[in-house]
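The structure appears below as structure tokens.
Along the sequence shown, residues are numbered consecutively beginning with 1.
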Amino acid sequence: SDGTQQPPSSFKQPLNDNTSNYLIQVSNTLPSHHEIQQFLTASNCGAISTFTGITRDNFAGKKVTALSYEGYTPMAIKELTNLCCDAHVK
């Protein structure tokens, strides 16, 4: 071993086997605060912090009139799950 900390084997399972530990959604809508609280509420948790951002009406001296994102949902879910697993290990 090179001394690098490896995630527990349970995190190496296919995405469908252990995703109940994480709230990962790729959609056109945000989860409600109630949904977030229901997912995160636990007797060993001390606080829930959320962030909501908005887009400026300008960028580099130009007016912003629209904003769109596109992505490949299966890859996004895979990468978000990997980030959650990495954060859990750390």
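For Tyr69, the side chain to side chain contact (heavy atoms under 4.5 Å, CB included) criterion is met by Leu67, not counting sequence neighbours. For Ser32, the side chain to side chain contact (heavy atoms under 4.5 Å, CB included) criterion is met by His34, Glu35, not counting sequence neighbours. Judged as a side chain to side chain contact (heavy atoms under 4.5 Å, CB included), and not counting sequence neighbours, the contacts of Thr73 are Val26, Ile77. The side chain to side chain contact (heavy atoms under 4.5 Å, CB included) check on Leu40 picks up Ile36, Ile48, with sequence neighbours excluded.
In this structure, the separation between OH on Tyr72 and NZ on Lys78 is 10.0 Å, given to the nearest 0.5 Å. One finds the CG atom of Leu23 at 9.0 Å from the SG atom of Cys84 (value rounded to the nearest 0.5 Å).
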Only distances under 3.5 Å count here; give the side-chain donor-acceptor pairs of residues 56-65 to other protein atoms, sequence neighbours excluded, each with its distance to 0.1 Å.
none

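When all heavy atoms of Phe39 and Tyr22 are compared, the closest pair comes out as CZ-C, 3.2 Å.
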